[in-house]
Amino acid sequence: MALTFYNTASRKKEPFSLLPGNDTVKMYCCGPTVYHYAHIGNLRTYIFEDTLCRTLEYYGYKLNHIVNITDVGHLTSDGDTGDDKMEKGAAREGKSVWEIAKYYTDAFMKDWHALNIEEPTRWTKATDHIQEQIDLVKTLEEKGYTYRTSDGIYFDSLKDKHYADFARLDVEHLQQGSRIDMGEKRAPTDFALWKFSPKDKKRLMEWDSPWGVGFPGWHIECSAMAMKYNGPTLDIHCGGTDHIRVHHTNEIAQSECATGKPFARFWMHGEFLRLDGNKMSKSSGEFLTVSVLMDKGYNPMDYRLFALTSHYRNYLNFSFESLDSAREALKSLHKKTDPLIGKATAIESEEAKKWQQEFKDAIGDDLNMPRALGILNSVLKTELSDGEKAALVADFDKVLGLKLDQPREEYAKKQDPNAVDDTAEIEALIAQRTEARKSKNWAESDRIRDLLKEKGVEIKDSKDGTTWKRV
RNA sequence: GGCGACGUACCCAAGUUGGUAAGGGGCGAGUCUGCAAAACUCUUAUUCCCCGGUUCGAGUCCGGGCGUUGCCUCCA
């Protein structure tokens with residue numbers, strides 16, 4: 001079966017292939033604005049993009065995968081009003097915007113790696129590409145797609161005949177919308193390309209430009225960076241579903257008007273994670289982060305598996321009950337895969353090849369990870385040799401990224417620097433209990449077992465004696 | 001007001017061009033055990049929100065309801 005992706009542009013699944021003469025998939029994924037921690041909903045989208053990258057690699061493609069870091073302040077609302085998110089973050093924490101950007105970028109990278117998301121080919125920071133953004137605005141200005149107001153340079157969306165196509169906007173009805181602050185804009189769909197710094201105060205982040213001191217509009221960075229590293233036409237552009245309406249529509253408009261070429265062939269969008277049936281959002285205050293989950297005793301791979309249990313285009317409701325379910329599932333997966341580590345042989349039998357093909361079909365069918373997980377479970381139940389099973393697990397995990405190549409204990413160990421080594425004490429207690437059991441003193445035996453349980457030690461009696469582990 | 005998504009067992013969730021309901025968790029049962037725990041085995045939807053229609057046949061297609069929810073403001 002051919003590799004197939006759902007393309008937001010056509011609203012259909014389409015077979016994926018590269019344009020003739022190309023050997024690398026040109027990808028761009030919208031990254032975070034580093035003014036706060038990323039929550040697990042944000043991370044769900046990056047896990048989706050990671051499965052996309054891994055699937056493309058599984059199918060033999062090379063990638064030029066760009067992820068941006070938005071470290072320049074965007075306004076909290078369109079038009080003249082609203083605060084700058086970066087400056088707001090800085091004020092909140094009494095730091096400079098640059099410190100804020102650095103701090104939250106580091107935090108983001110930490111989560112990214114904890115979730116075993118593959119490193120992109122290149123991270124690009126918006127503030128490292130101010131000139132490219134200015135150049136792009138200049139091109140648009142030369143081609144007559146811009147106009148000036150008292151607070152900035154705007155894109156004239158009515159000049160772009162195709163503006164409404166991508167998101168299938170009904171521009172006339174859009175104008176009835178109540179939440180649009182027009183300011184001096186000519187049309188509700190117009191957007192800022194360059195904003196001027198306020199005359200009465202100095203911004204922490206501002207740059208010189210042909211139009212005056214200011215800062216770039218909030219869509220231009222993606223177009224500028226995507227095209228700098230991938231050329232005018234991308235193969236795949238991704239992001240969260242919320243970007244379809246405004247951000248990606250505007251990216252397409254400014255990019256295509258500047259180059260006259262299609263901006264991206266495939267557009268893929270991840271659906272939101274919900275919390276109690278509602279959107280998880282930074283602005284509403286409370287939100288869950290990877291560190292919060294880890295503090296509660298979960299492993300990042302528990303969350304990754306949880307994210308993989310549903311399709312990226314469906315919303316997924318987060319609950320601790322579901323996360324527990326994923327944690328249990330991962331545990332029992334490891335029970336089966338840990339003994340297979342290091343035993344991989346070649347995949348030779350017809351049956352093993354058939355399973356491998358089924359897996360490939362599942363991930364190639366618009367990244368159907370739930371189905372792929374089902375196939376992994378089925379393989380582990382088959383009568384295949386350990387060697388072939390081990391090979392298939394390793395092969396599948398290249399895409400699933402669940403670290404099935406490492407035994408669970410190895411990464412599940414709690415890193416507690418204050419932990420006291422009480423192994424000797426525990427073993428002494430177990431020896432006592434063994435004596436009690438020999439003399440059939442069950443009351444004493446059970447008492448010691450309860451005592452150990454309080455210490456977080458679980459014991460297991462078998463024919464060959466008693467074994468224990470920390471839980 | 002405009003444009004969308006979703007509704008499958010106790011929970012999560014897949015279901016390819018319509019052909020007779022994957023998988024995971026949980027529950028329950030059994031084996032084992034002094035009892036536990038762990039492990040292993042088995043079990044868990046005559047049915048897919050409701051009502052019509054097309055069809056030999058529909059969770060899958062069409063029409064109409066109901067419910068939940070997202071975007072249209074920075075947002076993954």
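Hydrogens, waters and symmetry mates are skipped; everything else that's a heavy atom, side chains included, is used. Proteins come first, then strands; the chains are lettered A, B, ... in the order of their sequence lines, and each starts at number 1.
- Straight-line distance between the C1' atoms of B/A45 and B/A9: roughly 5 Å, to the nearest whole Å.
- The separation between A/Ile363 atom CD1 and B/G23 atom P is 20 Å, rounded to whole Å.
- The residue A/Ser445 sits close to a base: some heavy atom pair falls under 4.0 Å.
- Residue-level contact check: A/Lys438 touches neither bases nor backbone, having no heavy atom under 4.0 Å from any strand.
- To the nearest 0.5 Å, the span separating OG1 on A/Thr249 from NE2 on A/His162 amounts to 14.0 Å.
- Separation of the C1' atoms belonging to B/U44 and B/A38 is 23 Å when rounded to the nearest angstrom.
- Between the OH atom of A/Tyr312 and the P atom of B/G70 there is a distance of 21 Å, rounded to whole Å.
- Nearest-nucleotide mapping onto RNA chain B: of A/Gly239 and A/His311, the residue sitting toward the 5' end is A/His311.
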* Going 5' to 3' along nucleotides 40-45 of chain B, which nucleotides have protein heavy atoms under 4.0 Å from the base (write B), which only from the sugar-phosphate (write S), and which from neither (write -)? -> ------
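- Residue-level contact check: A/Asp461 touches the bases, meaning some heavy atom is under 4.0 Å from a base atom.
- Look at the C1' atom in both B/U47 and B/U8: the space between them is 9 Å, to the nearest Å.
- Heavy atoms of A/Gly270 sit nowhere under 4.0 angstrom from any nucleic acid atom.
- Distance check, rounded to the nearest 0.5 Å: CH2 of A/Trp112 to CD of A/Glu119 gives 7.5 Å.
- In this structure B/A13 sits in no base pair that meets the Watson-Crick or G-U test at under 3.5 Å.
- One interatomic measurement links the two molecules: CZ of A/Arg274 to P of B/G7, which rounds to 11 Å at whole-angstrom precision.
- Across B/G18 and B/C32, the matching C1' atoms stand 48 Å from one another, rounded to whole Å.
- Rounded to whole Å, the C1' atom of B/C27 lies 30 Å from the corresponding atom of B/C50.
- Separating the C1' atom of B/C66 from that of B/C49 is a span of 8 Å, rounded to the nearest Å.
- The residue A/His247 sits apart from the nucleic acid: no heavy atom pair falls under 4.0 Å.
- Using a 4.0 Å heavy-atom distance criterion, A/Asn368 is classed as a sugar-phosphate-only contact.
- In this structure a side-chain-to-backbone donor-acceptor pair under 3.5 Å is missing from A/Lys296 to A/Val292.
- If you measure from atom NE2 of A/His269 to atom P of B/G4, you get 15 Å, rounded to the nearest angstrom.
- With both pairing distances under 3.5 Å, B/C3 is matched to B/G70 as a Watson-Crick or G-U wobble pair.
- For A/Phe272 and B/A76, the ring-to-base geometry does not satisfy the stacking test (centroid distance below 5.5 Å, interplanar angle below 30°).
- Spacing between atom CZ of A/Arg449 and atom P of B/G34 amounts to 12 Å, rounded to whole angstrom units.
- The nearest whole Å value for the distance from the CG atom in A/Asn317 to the C1' atom in B/U8 is 16 Å.
- A/Asn250 contributes no side-chain N or O that, together with a main-chain N or O of A/His219, makes up a donor-acceptor pair within less than 3.5 Å.
- Using a 3.5 Å distance cut-off with no hydrogens or angles, the side chains of A/Ser439 and A/Glu435 do not pair a donor with an acceptor.
- Of the inter-residue distances, the one linking A/Thr55 atom OG1 with A/Ile363 atom CD1 reads 4.0 Å to the nearest 0.5 angstrom.
- Taking atom C1' on both B/A37 and B/U46, the two are 39 Å apart, rounded to the nearest angstrom.
- When the side-chain nitrogen and oxygen atoms of A/Asn377 are compared with OP1 and OP2 of B/G23, none of them lie within a distance under 4.0 Å.
- The C1' atoms of B/U17 and B/U55 are separated by 16 Å, rounded to the nearest whole Å.
- Proximity of a side-chain donor or acceptor of A/Arg304 to a complementary backbone N or O of A/Leu400 within less than 3.5 Å is detected.
- Pairing of B/G26, defined by two Watson-Crick or G-U wobble distances under 3.5 Å, is identified with B/U44.
- If you check every strand for non-hydrogen atoms under 4.0 Å, A/Arg327 touches nothing.
- Pairing of B/C61, defined by two Watson-Crick or G-U wobble distances under 3.5 Å, is identified with B/G53.
- In this structure, A/Tyr303 OH and A/Leu43 CG are separated by 6.5 Å, a value rounded to the nearest 0.5 Å.
- Between A/Asp324 and A/Leu273, the residue anchored nearer the 5' end of RNA chain B, judged by the nucleotide with its closest heavy atom, is A/Asp324.
- Nucleic acid contact for A/Leu316: sugar-phosphate only, since backbone atoms but no base atoms lie under 4.0 Å from a heavy atom of the residue.
- Side chain of A/Lys381, nearest nucleotide from B/G24, B/A76, B/C6: B/G24.
- Contact annotation for A/Arg447: no contact, since no heavy-atom pair falls under 4.0 Å across all strands.
- A/Asp106 has no carboxylate O lying under 4.0 Å from a charged side-chain N of A/Lys110, or vice versa, which leaves the two without a salt bridge.
- If you check every strand for non-hydrogen atoms under 4.0 Å, A/Lys440 touches nothing.
- Residue A/Thr309 places no side-chain N or O under 4.0 Å from the OP1 or OP2 atom of B/G23.
- Nucleic acid contact for A/Ile459: base, since at least one base atom lies under 4.0 Å from a heavy atom of the residue.
- In the interface, the side chain of A/Asp446 is paired with the base of B/G34 through a donor and an acceptor atom under 3.5 Å apart.
- Nucleic acid contact for A/Phe306: none, since no nucleic acid atom lies under 4.0 Å from a heavy atom of the residue.
- Donor-acceptor pairing under 3.5 Å is lacking for the side chains of A/Tyr103 and A/Tyr35.
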